[in-house]
Amino acid sequence: MEAPSSAAIPNGGTGVTPRGWQAGGFRQSRAGPPRPQGWPAALNQETRSSRPSEPERRLWVWRHRFPLSYRNSDADNPRPCFWPCGSGLAVGARCARLTPVVGIVSMRILIKHLLAATEPREAVTVKGWVRTRRDAKGFSFLALNDGSCAANVQVVVDAGTPGAEQLPQFTTGASAEIEGRLVPSPAAGQKWELRATRVALIGAADATYPLQKKGHTPEFLRTIAHLRPRSNLFGAMFRLRSRLAFAVHQFFQERDFVYVHTPIITASDCEGAGEMFRVTVLPGNRDEPARGDFFGKPAFLTVSGQLEGETFACALSNIYTFGPTFRAENSNTARHAAEFWMIEPEMAFCDLAGDMDLGEEFIQAMARYALEHCAEDLELFAQRVDRHLLARLQFVVERPFVRVSYTDAIRILQQSGRAFEFPVLYGHNLQSEHERFLTEEHFQSPATVFNYPREIKPFYMRLNDDGRTVTAMDVLVPGIGEVIGGAQREERLEQLRANMAFHRLNPEDYWWYTDLRRYGTVPHAGFGAGFERLLMFLTGMPNIRDVIPFARTPGNAEF
RNA sequence: UCCAGAGUAGCUCAAUGGUAGAGCAGCCGGCUGUUAACCGGCGGGUUACAGGUUCGAGUCCUGUCUCUGGAGCCA
């Protein structure tokens, strides 16, 4: 293993510049990825006499730029990787396309893989950030975390270990590299520990490092959003967010849904769904003159990809979108953000029942995925945030959702004998307290409410035969409220026009949307699911600002 | 935007209108296969900001800012 020194890095900070390599374009572009800590000995000019061959050089660059190309990890048949790139692949991972060319270099292993070991290991390297250090006579304990899992690895450093003279600087928050042997831990608390054979400080963290060993409030951690992923809870949060984003795609791809990238900039407020952010190149962001502006008309950030999604469903049958959505509402609650991610499936040849089926199946699948693939992180949320979390998720996975029409829901609320702050009236939206009563007390389960009065729902929802209600549906979950809102769309041209008139909309603004009904119209349905609300439900986190890496809310766009 | 609450050491919080304190973090020392280790010592403050009442304001009053909870809107 080469010590990670800048001198070993071609074109690196010390000015060692192997000119011959530059001519071949070896110097990475300014926009390229950051250089690794150490370069393979095979490519290090100080440790080899000949310059690397062009294939070697290209291989290295390629591997570094596309670390995902590591595949076929095979724990039973470990083949130490040639590339010490720190890209997150375990020792033993093997590239699908490339065979190691030269040499074997000790490579950094992620702590998650290290702790999953089934037998002791010699000569492993881990890199991470110090959570705590406990000094004993003649040796020290380090708790090291690299974010790959919730658990820390306990490192035992004897006083005589190379690098141990730097131990006083191994304070909470410092980054470090440890080489050592993985051995069974003689003490309770962990299965394995790492007996260090060499330790090196990478970056110190002085006394101003704001994260302590002790717990912090979520409110304080929001003020240091750049550091909070280093805390246990937020590390778990954002690992889980990543996995669930993958689960969303997997869910739809397995069901033959086509992923559609609907526009983020849109030229008209097609849905009337609240305040929009203006997009303009005009100075001062003036409201009026769209003439001379970039698009020649007022442009905004999207509040929904639904209408565009419908056009693709009416061509590719089943589609979904998954992307950022923006609302300029001055909403200041634990459930609202100005920028959030929404999942919007749309299905051709589908009615409201099929829509509800998909929505409920989706929620259940996400809960099941989290339970199966994020168990360690969920355990943390169960301990710290919501001790009923696991039971609730299990319940959601196993039990069918309750379905109730809006009319019946109103009746249930009126007959509950409960004194609500807001009266329960047919023709009004369900208030938060009403939704909470239904899911948390009456049904004690997620519930799908359908067939709402047409007055309180948008124009595109299909009018039922009763002439009073539309085929809308909301999936409500305990603690959060509405997670999914959807509908069967109005596919009848004349009825759609009538709906527009009913809602006082100008049909000319929706000419392309109406065209879908003019040419080969089909019944179709879909819904919008808030990704963050889903995450809140799956983790028990009560505030949307704590499930978004860098939340945007009124008055807050720091970071 | 509306209603309510809060703002004191780096963090979490105390302090009848009368000398601003503790735990953790930091520094120094001790002890220990330790498990947000433990024990002792030390340093640490424009009490959010601006006015006002008072002999005296962290505390009472007014305004501003920020945060939190609830509501509306919704996902």
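Just so you know, these numbers come straight off a predicted model, no measurement behind them. Proteins get letters first, then strands, A, B, ... in listed order; numbering begins at 1 in each.
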- Can A:Tyr320 and A:Glu344 be counted as having a side-chain donor-acceptor contact under 3.5 angstrom?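 A:Glu344 and A:Tyr320 do not have a side-chain donor-acceptor pair below 3.5 Å.
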
Counting heavy atoms not belonging to A:His428, are there more than 12 under 6.0 Å from its NE2?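 Not buried by this count: 12 neighbours or fewer within 6.0 Å.
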
Considering residues, nucleotides and ligands other than A:Phe326, do more than 12 of their heavy atoms fall under 6.0 Å from its CZ?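 Yes, CZ of A:Phe326 has more than 12 neighbouring heavy atoms, counting only those of other groups under 6.0 Å.
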
(request) Name all pairs fulfilling the ring pair (Phe, Tyr, Trp, His ring centres under 6.0 Å) condition that reach into residues 130-186 of chain A, sequence neighbours left out, sorted by first residue then second. (result)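 Qualifying pairs: A:Phe139-A:Phe141.
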
Expected output is a numbered-order residue list: members of [range] with a heavy atom under 4.0 Å from any atom of RNA chain B. What is it?
range	value
residues 161-171 of chain A	none
residues 419-444 of chain A	A:Phe422, A:Asn429, A:Gln431, A:Ser432, A:Arg436
residues 470-488 of chain A	A:Glu482, A:Val483, A:Ile484

Checklist entry - Should the pair A:Phe246 and A:Tyr369 be assigned to parallel (<30°), tilted (30 to 60°) or perpendicular (>60°) ring geometry? => result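 Ring orientation of A:Phe246 relative to A:Tyr369: tilted.
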
Are A:His434 and A:Phe422, when compared by the centres of their aromatic rings, separated by less than 6.0 Å?
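No, the ring of A:His434 stays outside the 6.0 Å limit from the ring of A:Phe422, centre to centre.
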
* With the side chain of A:Arg533 defined as its heavy atoms from C-beta on, choose the nearest nucleotide among B:G26, B:A75, B:C67. =>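 Comparing B:G26, B:A75, B:C67 against the side chain of A:Arg533, the answer is B:A75.
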
_By the 4.0 Å heavy-atom rule, please label A:Asn543 as base, sugar-phosphate, or nothing._
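Sugar-phosphate contact only.
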
Worksheet item: Under a 3.5 Å cut-off on both pairing distances, which runs of 3 or more consecutive Watson-Crick or G-U pairs involve RNA chain B?
Response: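 Stems (3+ consecutive pairs) listed as B:1-7 with B:65-71, B:10-13 with B:21-24, B:26-30 with B:38-42, B:48-52 with B:60-64.
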
Quick tally for nucleotides 34-45 of chain B: nucleotides whose base has a protein heavy atom under 4.0 Å get B, sugar-phosphate-only ones S, the rest -, giving BBBS--------

